[in-house]
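Excluded from the calculations below are hydrogen atoms, water molecules and symmetry mates; all remaining heavy atoms, backbone and side chain alike, are included. Chain letters run A, B, ... following the sequence lines, proteins first, then strands; residues in each count from 1. As the structure is a computational prediction, the values presented were derived from the model and not from experiment.
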Amino acid sequence: MTGATPGATGSRHKKSTSRLPERVALHLLLVCGAIVSVFPFYWMVTTSLNGSSIFTLRVELWPSIISLQHYAYAFSRIPLLRNLANSMLVAACFSILSLLLTSSAGFAFAKLRFPGKEVLFGCLLVLMIVPFELQVVPLYRICSLFRWVNTYFALIVPQAASIMGIFFMRQIIRGVPDELLDAAKIEGSSYGRIYLAIVLPLSTAGIIALLIINFMASWNDFFWPLIALRTKEMFTIVVAIPSLRGETFNVPWGSVMAASAVAVLPLMLVFFVLQRYFRPEAMSGAFR
Amino acid sequence: MFSARHGKKTTLASRESVVFILFVLPAIVIIALFTVYPILNAFSLSLSEFAGFGQPRFTGLENFRKVLLDGTFWTSAKNTGLFWLGSALPTIVIALFLALMLNSALTRMKGLFRVVHYLPSITSTVAVSMVFQMMMSERFGLFNSVLGLLGVTAIPWLRDPAWAKVSIVMVVIWRSVGWFMVFMLAALQSVDPSLYEAASVDGANAWRQFVSITIPGIFHVLTFCIILTLINIAKAFTEPYILTNGGPGTATLSMVLYLYKQAFGYIDMGYACTIGVMIFGMTIVVALFQLRFLSRMYST
């Protein structure tokens with residue numbers, strides 16, 4: 001595995017042209033890794049398109065008969081379109097509400113003066129240590145008290161003021177130069193105007209990153225929606241997929257894969273289009 | 001105040017405080033209601049008997065006595081620990097290996113490789129677990145078909161207690177490698193390149209440079225990643241829930257899956273909170289222990 005020589009190689013640009021065997025080995029290994037990463041998705045899509053009968057699972061690298069029957073079956077068994085709409089609505093509302101809450105709090109923590117501000121911020125950071133799993137039973141109690149069980153509210157509101165998001169927006173807004181804000185203030189702009197007209201437009205890259213990561217986290221979330229949702233019509237798509245398996249030993253794998261593809265592919269498309277904004281290392285922990 | 005050079009300081013400052021409160025208030029209210037209160041309530045429920053309706057009945061430390069004697073809980077703790085032991089090291093090693101390759105000057109199409117390796121981490125764990133469950137199904141699954149072609153007898157991936165653990169660990173590794181790779185890549189890029197140049201001039205070979213420059217340079221990130229694998233595994237729920245539902249028996253029951261079953265299967269919500277407190281406490285203790293161990297390793 002000569003190609004795996006550490007970051008050290010970065011310093012030897014001059015010699016790199018002559019190290020062909022190393023290059024080939026390096027790329028071969030990366031291609032192997034890429035195949036391992038992508039193959040399950042390939043397998044998911046080809047199984048969902050495989051035209052053999054509903055219940056038997058035929059192992060074919062490329063399906064001999066292609067059909068959409070598994071998709072038809074999946075859409076007829078569960079309200080998949082509704083589930084898809086639920087996921088979109090919840091993820092969109094969640095990421096927008098979260099952006100409003102975390103960016104305004106982030107602005108305050110980054111740029112406004114307040115006695116005890118650092119202490120308050122420290123308290124928030126301490127809260128991050130507590131796992132969501134500990135809070136889940138009381139949260140369920142509160143949601144039933146509010147009559148929020150089996151509603152969109154239960155999925156949108158409770159996690160929207162994410163502390164990680166506040167932390168991230170504070171870092172981003174700190175990068176907005178004070179001189180701009182001072183100048184706007186001297187011209188008589190209110191704080192609300194400064195926030196809307198200067199701070200937000202100058203933080204676009206951070207805002208897009210936060211929107212993507214929140215949208216994905218909400219779309220993929222399983223633990224809480226599984227608890228908070230009751231009826232098939234209210235299920236998000238991720239919660240709906242397992243319900244396709246049914247109770248019998250004969251799992252309709254083709255349609256389970258069809259539903260999975262419907263759940264996974266739109267998000268992948270969004271990711272490919274917007275991936276240059278995507279910097280997970282800048283907001284570790286934003287995924288639940 | 002953006003920078004402190006205003007005349008009427010007190011009034012401006014107090015006005016700014018009001019503005020601060022207005023900007024922070026919506027987030028704080030939601031955090032207080034849906035995070036702070038649930039945490040406090042979880043601790044109080046952990047000392048009560050509560051069946052999901054009516055008023056919780058205070059029972060003191062009864063739940064904790066019960067959990068300490070609960071064999072199933074300790075099985076779930078052991079399983080979670082085994083998941084961590086099985087997945088942490090391979091995840092970190094593979095992620096580091098991939099990051100080193102992506103960081104090499106010899107590599108082309110870095111962006112593409114980065115995205116492709118990252119795909120498993122951004123997709124729904126449910127969908128991914130479903131695909132693996134299908135590939136691992138015993139008679140018609142892809143894994144056993146391929147093994148059959150090689151003349152290996154079929155493996156009961158999800159039906160045998162030991163193999164079921166292995167299967168879960170495999171999915172966890174597959175799913176998290178790309179995520180850690182991104183962290184390591186950022187860390188590698190932050191190592192000062194002049195160190196490598198100096199080392200090359202001194203005639204240090206690649207391995208030597210890796211051991212004495214790269215590893216110390218990214219040690220803090222490695223530590224962070226090891227702690228993160230622990231925190232992620234302590235939350236393990238979806239993979240066992242989908243792949244095996246904790247089975248066969250309790251062979252792949254994770255702590256959070258046990259909490260879920262107590263709370264929403266047996267509707268023993270007080271006890272579920274006790275399990276939650278145990279998970280929280282155990283995670284913190286193990287994380288602090290690791291942190292101490294790793295920082296000592298670094299200093300020697």
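Residues B:V126 and A:V239 fail the side-chain proximity criterion, which asks for heavy atoms closer than 4.5 Å. In this structure the side chain of B:Y271 never reaches within 4.5 angstrom of the side chain of A:V137, judged on heavy atoms. Side-chain contact between B:V131 and A:F39: absent, with no pair of heavy atoms (C-beta onward) separated by less than 4.5 Å. Between B:I242 and A:F222, some side-chain heavy-atom pair lies under the 4.5 Å cut-off. Using a 4.5 Å cut-off on side-chain heavy atoms (C-beta onward), B:R15 and A:Y191 make contact. A heavy-atom distance below 4.5 Å is found between the side chains of A:P242 and B:M130. A:W219 places none of its side-chain heavy atoms less than 4.5 Å from the side chain of B:T123. The shortest distance between side-chain heavy atoms of A:R113 and B:F20 does not fall below 4.5 Å.
Expressed to the nearest 0.5 Å, how far SG of B:C273 lies from CD of A:E133 amounts to 12.5 Å. Note: B:F23 CZ to A:L101 CG = 12.5 Å, rounded to the nearest 0.5 Å. Distance OG/B:S121 to CZ/A:F271: 8.5 Å, rounded to 0.5 Å. How far CE of B:M134 is from CE of A:M44: 9.0 Å, rounded to the nearest 0.5 Å. Here the straight-line distance linking atom OG of B:S104 with atom CZ of A:R23 works out to 8.5 Å at 0.5 Å rounding.
Legend: residues meeting side-chain hydrogen bond (donor to acceptor under 3.5 Å, both in side chains) with B:S176, ordered by chain and number and at least two apart, are absent.
Both the backbone and the side chain of A:V130 come within contact range of chain B, each with at least one heavy atom under 4.5 Å from a heavy atom of that chain. Heavy atoms closer than 4.5 Å to chain B are found nowhere in A:L100, neither backbone nor side chain. Residue B:S145 touches chain A through its side chain alone, counting heavy-atom pairs closer than 4.5 Å. Of the two parts of B:Q189, neither the backbone nor the side chain holds a non-hydrogen atom closer than 4.5 Å to a non-hydrogen atom of chain A. Heavy atoms of A:F41 lying under 4.5 Å from chain B belong exclusively to its side chain. Contact annotation for A:V256: only side-chain heavy atoms (C-beta onward) come within less than 4.5 Å of a heavy atom of chain B.
If you tally non-hydrogen atom pairs under 4.5 Å between each of B:L185, B:L45, B:V146 and chain A, the highest count goes to B:L45. Looking only at heavy-atom pairs under 4.5 Å with chain B, the residue among A:S104, A:A105, A:G192, A:S162 that has the most is A:S104. Listed options A:S98, A:P131, A:G165 were ranked by heavy-atom pairs under 4.5 angstrom with chain B; first place goes to A:P131. Ranked by heavy-atom pairs under 4.5 Å with chain B, the list A:I237, A:L226, A:T102 is led by A:L226. With respect to chain B, the highest number of heavy-atom pairs below 4.5 Å among A:I166, A:L267, A:I129 belongs to A:I129. Between chain A and the residues B:I279, B:T238, B:V191, the most heavy-atom pairs under 4.5 angstrom are made by B:T238. With respect to chain B, the highest number of heavy-atom pairs below 4.5 Å among A:A261, A:A34, A:S190 belongs to A:A34.
Considering every non-hydrogen atom in both A:V36 and B:W174, the closest pair reads O-NE1, 2.8 Å. Smallest separation of non-hydrogen atoms from A:H27 and B:L106: CE1-O, 3.4 Å. Nearest heavy atom pair, residue B:K235 against residue A:F132, reads NZ-N, 3.8 Å.
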- Query: What do the steps show when you test B:H117 against A:L30 for side chain to side chain contact (heavy atoms under 4.5 Å, CB included), and what is the final call?
  - Reply: CA-CA 9 Å; B:H117 283 104; A:L30 280 171; 3.9 Å; yes
- Item | Trace of the side chain to side chain contact (heavy atoms under 4.5 Å, CB included) decision for B:L119 with A:S37 | CA-CA 7 Å; B:L119 281 182; A:S37 296; 5.7 Å; no
- Using the side chain to side chain contact (heavy atoms under 4.5 Å, CB included) rule, take B:V277 and A:L134 through it: C-alpha gap first, then chi angles, then the decisive distance, then the call. CA-CA 6 Å; B:V277 172; A:L134 176 62; 3.8 Å; yes
- Message: As a quick check of understanding, evaluate side chain to side chain contact (heavy atoms under 4.5 Å, CB included) for B:V115 and A:F272, giving each step before the final call.
- Response: CA-CA 8 Å; B:V115 171; A:F272 270 111; 3.4 Å; yes
Under 3.5 Å, side-chain donor or acceptor atoms of residues 25-42 of chain B against the rest of the protein: list the pairs with distances, not counting sequence neighbours.
from	atom 1	to	atom 2	distance (Å)
B:N41	OD1	A:R141	NH1	3.2

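Atom CZ of A:F121 is surrounded by more than 12 heavy atoms from other residues, nucleotides or ligands within 6.0 Å.
Using a 30° and 60° split on the angle between ring planes, B:Y260 and A:F223 fall in the tilted class, from 30° to 60°.
Checking side-chain atoms of A:N220 against main-chain N and O of B:I122 turns up a donor-acceptor pair under 3.5 Å.
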